[in-house]
Number of protein chains: 2
Amino acid sequence: MATANVRDVAALAGVSVGTVSNVLNRSKRVSPDTAQRVLDAIEKLGFIRNDAARQLRVGQSRTVGIMVLDVSNPFFTDIARGVEDTLAQFSRSLVLGNSGEDAARELAYLDLFEEQRVAGLLITPVGDVHARLERLRERGSPVVLVDRHENARAFSSVSVDDNRGGYLAASHLLDLGRRNIAFVGGPKRVLQVAQRAGGAQDAVAERGARPLHVLELDSMRADAGRLGAEQLLELPAHERPDAVFAANDLIALGVLRALTHAGLRVPDDIAIIGYDDIYFAANAAIPISSIRQPSWEMGRTATELLMAEIEEPTKHDYRHVVFQPELIVRESTAGALA
Amino acid sequence: MATANVRDVAALAGVSVGTVSNVLNRSKRVSPDTAQRVLDAIEKLGFIRNDAARQLRVGQSRTVGIMVLDVSNPFFTDIARGVEDTLAQFSRSLVLGNSGEDAARELAYLDLFEEQRVAGLLITPVGDVHARLERLRERGSPVVLVDRHENARAFSSVSVDDNRGGYLAASHLLDLGRRNIAFVGGPKRVLQVAQRAGGAQDAVAERGARPLHVLELDSMRADAGRLGAEQLLELPAHERPDAVFAANDLIALGVLRALTHAGLRVPDDIAIIGYDDIYFAANAAIPISSIRQPSWEMGRTATELLMAEIEEPTKHDYRHVVFQPELIVRESTAGALA
DNA sequence: CGGCGGGCCTGAATCGATTCAGGTCGTCGC
DNA sequence: GCGACGACCTGAATCGATTCAGGCCCGCCG
């Protein structure tokens, strides 16, 4: 038996379809009495609104798309949780796309999102999709960039001051008396990596410490970090760093593993600081100091910017929220704490 | 300017709307010549199919819903990746719901999914939603249970043999000569926990070792594991276990942290084995042995079962795929490996 | 040469919620 | 008593892709 529709509800409640719709969407316009009759009918028939029909008429869906780089990176899932928690308040749902840093896949998802006329899109872009995003917006789906501050101010965005984060990390190590810092990072073309390194360079230069020993890895995962650390351990004793600043926590975990394996003491022999402050850095065998990015808040703020644009589509002032990173000190730099 | 629709395309290509639709959906029925004209028109107008209209007509969306317990648990994101990778082949998208183990939130998402007439649903249920799931199926959205083998065979499901996993873990520790094993687990009401403990009990009994020392925690996260381990360390020396079997890897990480902090050697003083084989267990300071659950494959298989049911809705044989867990040996039990 | 089949195309009807111009009735102010 | 107004309700028109009964034309068979 086909699912009940507004017409069935209207018939049972003895009102017109228009009234049913008013109960559903603008309950103020309907007398309490009638409204109750309609609600009873809905209940009795097990009526569930057909979102497709609503969407067709209204011209837009009530779902928001989110495209992330990597669902298995806790940094992004934390953002996603922020998005999801915020969206729940608007009772909108989330269509998830995982580009996996693959531009082709990103495009495929953009097609899907466009067919679905998503109400809005949160994206950390991979490929050159600027034009596509503009088209999406022209067609009524606002876009907010996450963890990317587009040079142009064409879209609202949320991001974190990575330069400052790098500066904080290096300064902390310097404050602890370390003088020979290695930066173990991902590919330089990743803007974040370059900026974190840059901030660290600044701190080192400012203090007149030894210039940063920069190691470029080809990925930002733990195994790359482990290999990087092994390289460092092969250096002659007088060049061996006394502290490692890892471009993210996954790398830091790999570094910790290699050092532990080599029998070195952390932080006594070599201190480690990471970036992102993921759960697994805080809960490592030796909890790892890190630069915290407020990922949940980023998700929430991005969602709020998006919702504002969705609900007030004509306002053309794109906002750029830049979060400040925060130093979190743990045993991997400060030794056993109280 | 409003987005182009099939009528515009038809006009430009000099054909009827029916033909445009045929090009889009059944290209075989159209002469290559006409098809090309239509495709050109689509290109020229930047036409993008309106999914809502299609959905309204066809009665079902092309989107699949997935409801997970916790997006920040790598076990679930690995499953989600399997789902997503598989779905991409069918060019369908994924609506994500995160119940956070909260039954109310789960219900809210079920409402949304139902309004959207999702093509199907993958779910690890929290509350008692059996009736809701049946209704969803009656209305044309098949359901597959993930990591839950419903007593009834009312839905297809994928799950893992947790009893066997527990057995494998304990056997491994016994093989290494450990005789006093502690099980550090989550709440007993979680079926998985009970079964893993049960399997371990069996192994211990079979070998005549000391009965399992069972510690029940109120969560399954790392901090609970740490507290649990601290409790174990307070035991008198002759009762202190020589091996810990943690109900999942998060707990194992917490245990590792507490033991490391107390200056104990792993595995020499106490061996540790976890469960799930998440990335962060493999990459811990001392890589943790674990019972691997094939999460990506579970996601894929669940999706395949679901797609089969979507495409062949009348076949009423619900399948239950039970995966076998696998022992992964690392340093936390076997010591430094080659 | 008539009839039949198949390939290709047409276009009105359809899905179901929302919208909005318009109708009805009761109340209030003067 | 009358016009104005507001509160409440009605129902046809609408959104855009899909479907399907039916039309046209060509080639082939008997």
Side-chain angles (χ1 to χ4, degrees), chain A residues 1-39 41-42 45-63 91 111-112 114-117 119 139-140, chain B residues 1-39 41-42 45-63 91 111-112 114-117 119 139-140:
Chain A
M1 124 213 110
T3 314
N5 60 24
V6 275
R7 219 172 311 276
D8 302 329
V9 172
L12 180 58
V15 298
S16 75
V17 292
T19 300
V20 174
S21 178
N22 280 333
V23 171
L24 256 27
N25 303 298
R26 274 171 303 264
S27 49
K28 300 307 171 68
R29 291 235 222 297
V30 181
S31 77
D33 213 39
T34 317
Q36 193 54 53
R37 281 214 318 287
V38 171
L39 291 175
I42 287 176
L45 295 173
F47 165 79
I48 301 252
R49 229 215 240 72
N50 184 326
D51 198 52
R54 182 230 296 258
Q55 221 174 286
L56 173 59
R57 181 63 235 240
V58 172
Q60 204 179 57
S61 126
R62 293 181 55 74
T63 51
S91 61
D111 286 345
L112 280 176
E114 211 164 339
E115 287 193 1
Q116 296 185 40
R117 308 288 193 268
R139 302 201 169 170
Chain B
M1 121 214 110
T3 313
N5 60 24
V6 274
R7 218 171 312 274
D8 302 329
V9 172
L12 180 57
V15 299
S16 76
V17 293
T19 300
V20 175
S21 178
N22 280 333
V23 171
L24 257 26
N25 304 298
R26 273 172 303 265
S27 46
K28 301 307 171 67
R29 289 235 222 299
V30 181
S31 76
D33 212 40
T34 317
Q36 193 53 53
R37 281 214 319 287
V38 171
L39 291 175
I42 286 176
L45 294 174
F47 165 78
I48 300 253
R49 229 214 240 72
N50 185 326
D51 197 52
R54 181 229 298 259
Q55 220 173 287
L56 173 58
R57 182 63 234 241
V58 173
Q60 202 179 56
S61 124
R62 293 182 53 75
T63 305
S91 61
D111 286 344
L112 280 176
E114 211 165 338
E115 287 192 2
Q116 295 185 42
R117 307 287 192 271
R139 301 200 170 172

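Every chain is numbered from 1 and lettered A, B, ... according to where its sequence line falls, protein lines coming before strand lines.
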Each nucleotide N or O in nucleotides 22-28 of chain D that has a protein N or O under 3.5 Å away: list the pair and distance.
none

Report, one pair per line, the protein and nucleotides 8-12 of chain D atoms (nitrogen or oxygen only) whose separation is under 3.5 Å.
residue, atom, partner, partner atom, Å
D/dC9, OP1, A/Ser31, OG, 3.2
D/dC9, OP1, A/Thr34, OG1, 2.1
D/dC9, OP2, A/Ser31, N, 3.1
D/dT10, OP2, A/Ser16, N, 2.8
D/dT10, OP2, A/Ser16, OG, 3.2
D/dT10, OP2, A/Thr19, OG1, 2.8

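The CG-P distance, from A/Asp8 to C/dG16, rounds to 9 Å in whole Å. When rounded to the nearest whole Å, the span between CG of A/Leu24 and P of C/dT19 equals 11 Å. In this structure, CD of A/Gln60 is placed 15 Å from P of C/dT18, rounded to the nearest angstrom. Put simply, CG on A/Leu56 is 14 Å from P on C/dC15, counting in whole angstrom units. One atom, CD of B/Glu115, and another, C1' of C/dG16, lie 13 Å apart when rounded to the nearest Å. Between the CZ atom of B/Arg139 and the P atom of C/dG16 there is a distance of 12 Å, rounded to whole Å. Between the CD atom of B/Gln55 and the P atom of D/dC15 there is a distance of 19 Å, rounded to whole Å. Here the C1' atom of nucleotide D/dA17 and the CZ atom of B/Arg7 are 9 Å apart, to the nearest Å.
Between A/Arg26 and B/Val58, the residue anchored nearer the 5' end of DNA chain C, judged by the nucleotide with its closest heavy atom, is B/Val58.
In this structure, of D/dT18, D/dA17, C/dT18, it is C/dT18 that holds the atom nearest to the side chain of A/Arg49.
A/Thr63 OG1 to B/Leu112 CG: the interatomic distance, rounded to the nearest 0.5 Å, is 9.5 Å. From B/Leu56, atom CG reaches atom CD of A/Gln55 across 10.0 Å, with rounding to the nearest 0.5 Å. Within the model, atoms OG of B/Ser61 and CG of A/Asn50 stand 10.5 Å from one another, a figure rounded to the nearest 0.5 Å.
Between the side chain of A/Gln60 and the backbone N or O of A/Gly140, at least one donor-acceptor pair lies under 3.5 Å. Checked by atom type and distance alone, the side chain of B/Arg117 pairs as donor or acceptor with a backbone atom of B/Glu114 at under 3.5 Å. A distance-only check finds a donor-acceptor pair linking the side chain of A/Arg37 to the backbone of A/Ala13 [under 3.5 Å].
Here the rule is side chain to side chain contact (heavy atoms under 4.5 Å, CB included) with B/Ile42, and of B/Leu12, B/Asp8, B/Ile48, B/Leu24 only B/Leu24 fits it.
For the pair A/Asn50 and C/dG16, the criterion of a side-chain N or O lying under 4.0 Å from OP1 or OP2 is not met. At C/dT18, one or more side-chain N or O atoms of A/Asn25 fall inside 4.0 Å of OP1 or OP2 (strictly under the cut-off).
The two residues A/Phe47 and A/Val6 come nearest to each other via the heavy atoms CE1-N, 3.6 Å.
Remark: A/Arg54 pairs with A/Asp51 by the side chain to side chain donor-acceptor pair (under 3.5 Å) rule, at least two apart or across chains.
A donor N or O paired with an acceptor N or O is not found under 3.5 Å between the base of D/dT18 and the side-chain atoms of B/Arg54.
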